[in-house]
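The structure presented is a predicted model; accordingly, all values stated were derived computationally and were not measured.
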Amino acid sequence: NGRIQAFDAVTLDSLWLFTDSNGGQPNCPIVYHDGYIYTGFWKSETGDASFVCVSATDEDPDVGNETKYASWRYVSKGGFYWAGAYVCGDYVLVGTDDGKSGYTSKTANVLLLDPMSGKLLDSMTGFAGDIRSTICYDEATNAFYFDSKGSYFYRVRVQKDTDGAWRLTDRAELPIGG
């Protein structure tokens, strides 16, 4: 039902609960960065679901079921299923489901979001099938890698424009097993 619960690592006492207003399954990896957690939800192949940023701080230590609210939410058709994000101080990079049934539509997206506001900085579309993997960064190639349910392996890069804006660039794809 769109819930995430935080626990004390030593005592396993509940600290807080977050329930996304869109509901859905919280089945994406949870990424922690600089006091916040980032994760996605999924409701169906074609339904709207959220990717959220939630403060990890326990604001009221005396209340074990403290209600948490999203610092921001980005809603996407198809949502986020097993979509692990890459998070740094400058941006969040995450893949979406494609919003359709099957494996062949080329409507999945890679989103570049501001980590503090959730503002869409840039996006790329046209990825075959749902992007259902964690996006991984390789420092040696300065590139991000992921695969899709449509049997493709992808590479993208993120670069800062001369105006200081972050952009997705240099997309490459390779059919898996083909």
Tell me whether [X] contacts the main-chain N or O of [Y] through its side chain, where contact means a donor paired with an acceptor under 3.5 Å.
X	Y	result
E45	G99	no
T96	A108	no
S133	D147	yes
S76	G79	no

If I compare all heavy atoms of [X] with all of [Y], which pair ends up nearest, and what's the gap?
X	Y	answer
K43	D48	CD-O, 3.3 Å
Y38	P115	OH-O, 3.1 Å
W166	D122	O-CB, 4.1 Å
G64	S14	O-OG, 2.5 Å
G126	R171	O-NH2, 2.9 Å
P26	I4	CB-CG1, 4.3 Å

Cluster question for you: counting only ILVMFWY and a side-chain heavy-atom cut-off of under 4.5 Å, with indirect links fine, are [X] and [Y] together?
X	Y	answer
V94	Y81	no
V54	F51	no
I135	M124	yes
Y145	V156	no
W72	V31	yes

Can you find a heavy atom in the side chain of [X] that is under 4.5 Å from one in the side chain of [Y]?
X	Y	answer
R157	T141	yes
Y91	L113	no
N22	V75	yes
I131	V110	yes
F146	F153	no
D97	F80	no
L17	T67	no
T57	Y36	no

Subject >> side chain to side chain contact (heavy atoms under 4.5 Å, CB included) assessment of V158 paired with L112 >> reply: CA-CA 9 Å; V158 176; L112 191 65; 4.1 Å; yes

Original post:
For the ring pair F127 and Y152, is the centre-to-centre distance below 6.0 Å?
Top reply: no

Subject >> Ring centroid separation Y137 to F144 under 6.0 Å >> reply: yes

What distance do [X] atom [atom1] and [Y] atom [atom2] have between them, rounded to the nearest 0.5 Å?
X	Y	atom1	atom2	answer
F41	R73	CZ	CZ	8.5 Å
E59	Y69	CD	OH	11.0 Å
K77	N109	NZ	CG	11.5 Å
I176	S148	CD1	OG	6.5 Å
D58	W16	CG	CH2	9.0 Å
L168	L93	CG	CG	6.0 Å

Salt-bridge present ([X], [Y]; N to O < 4.0 Å):
X	Y	value
D161	R167	yes
D98	K100	no
D170	R155	yes
K119	D114	no

Subject >> Flag for D20-S50: side-chain donor and acceptor within less than 3.5 Å >> reply: yes

Subject >> No-hydrogen, no-angle side-chain donor-acceptor test under 3.5 Å, N27 and W42 >> reply: no

**OP:** Determine, step by step, whether Y74 and L120 satisfy the side chain to side chain contact (heavy atoms under 4.5 Å, CB included) criterion, reporting the C-alpha distance in whole Å, the side-chain angles of both residues, the deciding distance to 0.1 Å, and the verdict.
**Re:** CA-CA 8 Å; Y74 185 92; L120 183 64; 3.9 Å; yes

